Q: 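Here it is, the structure, as structure tokens.
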2 protein chains.
Amino acid sequence: MTREHTHTIASAKGSPKAHAGPGRPRCYDEAEVLDKALQVFWRQGYEATSVDDLTAAMGLSRSSFYSAFGSKHGVLIAVLKSYSDAALQALEHLAEGPRDQAVKAMLDALSDPAGGPRGCMLVNCITELAPQHEEVAELGRHHLKRIEDLFSRALSPDNPDAARDKARALAALAIGTLTLRKSGVPPESISTALEAARTILAT
Amino acid sequence: MTREHTHTIASAKGSPKAHAGPGRPRCYDEAEVLDKALQVFWRQGYEATSVDDLTAAMGLSRSSFYSAFGSKHGVLIAVLKSYSDAALQALEHLAEGPRDQAVKAMLDALSDPAGGPRGCMLVNCITELAPQHEEVAELGRHHLKRIEDLFSRALSPDNPDAARDKARALAALAIGTLTLRKSGVPPESISTALEAARTILAT
DNA sequence: CTATTTTTGGACTGAATAGTCCGTATTTAT
DNA sequence: ATAAATACGGACTATTCAGTCCAAAAATAG
């Protein structure tokens with residue numbers, strides 16, 4: 001038994017910012033390098049991205065990379081968590097407005113995400129990885145449930161359960177538009193269709 | 001100039017069954033091995049599948065594989081074309097029934113495809129590859145357009161263009177359910193939501 | 001300053017990758 | 001039978017892959 005996986009332990013115990021004792025502090029910003037990693041995964045997908053791609057984009061050496069995230073899979077999970085948090089927070093903000101506007105704003109945000117033609121990072125990863133990586137599936141499930149809840153409450157604030165089916169359909173609708181977009185359907189065609197469906201569905 | 005890419009030329013000229021002159025005939029069925037390749041790609045995704053995985057599943061030696069399909073990308077395209085043809089043909093058949101039933105049957109078939117939790121092979125490939133592989137994007141665009149047309153004509157047989165937006169929304173809806181399914185949402189939750197949306201959308 | 005702890009660069013490893021090549025077997029045409 | 005053409009098995013190559021390791025640098029605590 002030499003030394004095995006010391007880094008995974010280090011990165012596993014929550015916030016790596018907990019730093020009191022002696023030792024050299026890391027010379028990079030965690031959120032910043034995670035965003036760089038996100039961009040690469042988002043553009044190329046998980047399997048098509050090599051650790052070299054990641055370290056180059058993040059500006060980290062291999063040892064820093066493995067020390068902080070443990071594995072390629074580890075950095076993906078970290079990226080997905082931060083991405084999901086940010087996306088849900090933005091959606092929650094949009095959901096606060098008056099009913100119709102809230103639904104419209106949420107649909108627009110979901111169907112035309114910050115990633116542009118790259119779609120939604122989480123949906124991409126669900127499609128590519130969920131059947132084989134339970135952790136990704138779990139993250140995706142939670143993310144989608146939250147979106148569904150937001151739609152439910154926007155549609156029917158006093159009795160969200162009554163709008164469950166419609167909310168789920170709206171979520172599916174928005175997610176489906178991402179595939180249209182990726183295959184090259186022009187964005188304006190998508191928004192008119194989305195708007196038509198919304199006026200019918202969000203009664 | 002030694003010998004370069006003789007195989008791609010061979011496979012490029014349409015049906016490789018055109019075989020008149022001398023020479024040993026291939027000892028495998030093309031449709032059969034393509035289906036084996038489909039299963040592997042469908043389960044694992046494109047990048048996660050190695051040529052060894054493919055040849056093992058297809059029962060071909062490396063040289064037969066490259067002689068027939070030219071590259072990993074080549075066999076993917078062949079698989080996608082045959083998959084798209086078969087799926088569209090099945091959908092066309094479903095679209096022939098009376099309006100409401102046709103829409104319902106098509107939605108059900110799209111949202112619960114033969115692949116089960118693996119979703120739709122074409123949608124998977126669009127998500128994973130379309131932004132980087134124009135040929136896959138083109139195939140996906142065509143496939144989705146055909147689906148949209150089928151919905152349009154089912155909704156409004158005499159003036160399909162009038163139902164364009166609704167048709168596109170229905171297609172997006174069905175495709176979106178695949179992501180829900182992949183992340184683990186139970187199928188019955190999906191079908192009730194789909195049914196609710198259909199009764200509202202397919203007036 | 002000294003001791004201690006941590007980060008960092010970069011070399012290294014063994015396995016896996018996509019694709020090539022060649023000798024041989026197998027079939028058809030003459 | 002013989003020649004021409006194709007399919008096949010499997011070894012081979014050069015590259016890339018994810019992950020490991022170590023020595024040196026850097027920063028803090030006392």
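This structure is a prediction, so every number in the text was calculated from the model and none was measured. In what follows, every chain begins at residue 1, and chains take the letters A, B, ... in the order their sequences are listed.
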Q: I need the CZ-C1' distance between A:F69 and D:dG19, as an integer number of Å.
A: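 Spelled out: CZ on A:F69 to C1' on D:dG19 is 16 Å.
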Q: Rounded off to whole Å, could you give me the CD-to-P distance for the B:E47 and D:dC17 pair?
A: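 Between P of D:dC17 and CD of B:E47: 11 Å.
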Q: Between atom CG in A:D53 and atom P in D:dT16, what is the gap in whole Å?
A: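 About 11 Å, once rounded to whole Å.
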Q: Which part of the nucleic acid does A:S50 contact within heavy-atom distance under 4.0 Å: base, sugar-phosphate only, or nothing?
A: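 A:S50: backbone/sugar contact only, no base atoms under 4.0 Å.
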Q: Stepwise, does the side-chain hydrogen bond (donor to acceptor under 3.5 Å, both in side chains) test hold for A:Q44 with A:R118?
A: CA-CA 9 Å; A:Q44 305 186 338; A:R118 289 176 301 178; over 6 Å; no
Q: Mark yes or no for a side-chain to base donor-acceptor pair under 3.5 Å between A:R62 and D:dG19, with no hydrogen or angle criteria applied.
A: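 It does, because a donor-acceptor pair links the side chain of A:R62 to the base of D:dG19 below 3.5 Å.
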Q: Within the structure, does a side-chain N or O atom of B:S64 lie under 4.0 Å from either OP1 or OP2 of D:dC8?
A: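 The answer is yes; a side-chain N or O of B:S64 sits under 4.0 Å from OP1 or OP2.
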Q: Taking donor-acceptor contacts at under 3.5 Å, does the side chain of B:S63 reach the base of D:dG9?
A: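 Between D:dG9 and B:S63, which were checked side chain against base, a qualifying N/O pair under 3.5 Å is present.
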Q: Measuring from the side chain of B:S67 (C-beta onward, heavy atoms only), which nucleotide among D:dA7, D:dA18, C:dT27 has the closest atom?
A: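 Nearest to the side chain of B:S67 among the choices is D:dA7.
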Q: Do any side-chain nitrogens or oxygens of A:S61 fall under 4.0 Å of OP1 or OP2 in C:dT8?
A: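 Looking at the OP1 and OP2 atoms of C:dT8, neither is under 4.0 Å from any side-chain N or O of A:S61.
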Q: Send over the distance from A:D52 CG to C:dC12 C1', rounded to a whole Å.
A: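 Answer to the nearest Å: 13 Å.
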Q: For the pair A:R141 and A:E134, find out whether any cationic side-chain nitrogen is under 4.0 Å from an anionic carboxylate oxygen.
A: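 Judged by the 4.0 Å cut-off on N to carboxylate O distance, A:R141 and A:E134 do form a salt bridge.
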Q: Can a donor-acceptor pair be found, under 3.5 Å and without considering hydrogens, that links the side chain of A:E148 to the backbone of A:H143?
A: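 Not at all, since once roles are kept as given, no pair shorter than 3.5 Å links the two residues.
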Q: Hey, does A:Y28 reach any base, or is it just sugar-phosphate, or nothing, if we go heavy atoms under 4.0 Å?
A: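 If one applies the 4.0 Å heavy-atom cut-off, A:Y28 turns out to touch the sugar-phosphate alone, with no base involved.
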Q: Would you give me the side-chain donor-acceptor pairs under 3.5 Å for residues 191-200 of chain A, sequence neighbours excluded?
A:
{"residue": "A:S191", "atom": "OG", "partner": "A:P187", "partner atom": "O", "Å": "2.8"}
{"residue": "A:S191", "atom": "OG", "partner": "A:E188", "partner atom": "O", "Å": "3.4"}
{"residue": "A:T192", "atom": "OG1", "partner": "A:E188", "partner atom": "O", "Å": "3.4"}
{"residue": "A:T192", "atom": "OG1", "partner": "A:S189", "partner atom": "O", "Å": "3.0"}
{"residue": "A:T192", "atom": "OG1", "partner": "B:D165", "partner atom": "OD1", "Å": "3.3"}
{"residue": "A:E195", "atom": "OE1", "partner": "A:R198", "partner atom": "NE", "Å": "3.2"}
{"residue": "A:E195", "atom": "OE2", "partner": "A:R198", "partner atom": "NH2", "Å": "2.7"}
{"residue": "A:T199", "atom": "OG1", "partner": "A:E195", "partner atom": "O", "Å": "3.4"}
{"residue": "A:T199", "atom": "OG1", "partner": "A:A196", "partner atom": "O", "Å": "2.8"}

Q: Could you walk me through whether B:S64 and B:S61 pass side-chain hydrogen bond (donor to acceptor under 3.5 Å, both in side chains), step by step?
A: CA-CA 5 Å; B:S64 298; B:S61 72; 3.2 Å; yes
Q: Just call it for B:T49: base, sugar-phosphate, or nothing, with non-hydrogen atoms closer than 4.0 Å on any strand.
A: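 Result for B:T49 = sugar-phosphate.
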Q: Picking from D:dC8, C:dA18, C:dG9, which would you name as closest to the side chain of B:Y66?
A: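 Nearest to the side-chain atoms of B:Y66, counting from C-beta on, is C:dA18.
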Q: Calculate the interatomic distance between A:L54 atom CG and D:dG19 atom P; express it in whole Å.
A: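 One finds 11 Å between P of D:dG19 and CG of A:L54, rounded.
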Q: In whole Å, what is the span from the CE atom of A:M58 to the C1' atom of C:dT7?
A: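 After rounding, the reported distance stands at 15 Å.
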Q: Specify the separation, in whole Å, of atom CZ of A:F65 and atom C1' of D:dC17.
A: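 Taking CZ of A:F65 and C1' of D:dC17, I get 13 Å after rounding.
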Q: If you check the B:K72 side chain, which of D:dC8, C:dG19, C:dT7 turns out closest?
A: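 Taking heavy atoms from C-beta onward, the closest nucleotide is C:dG19.
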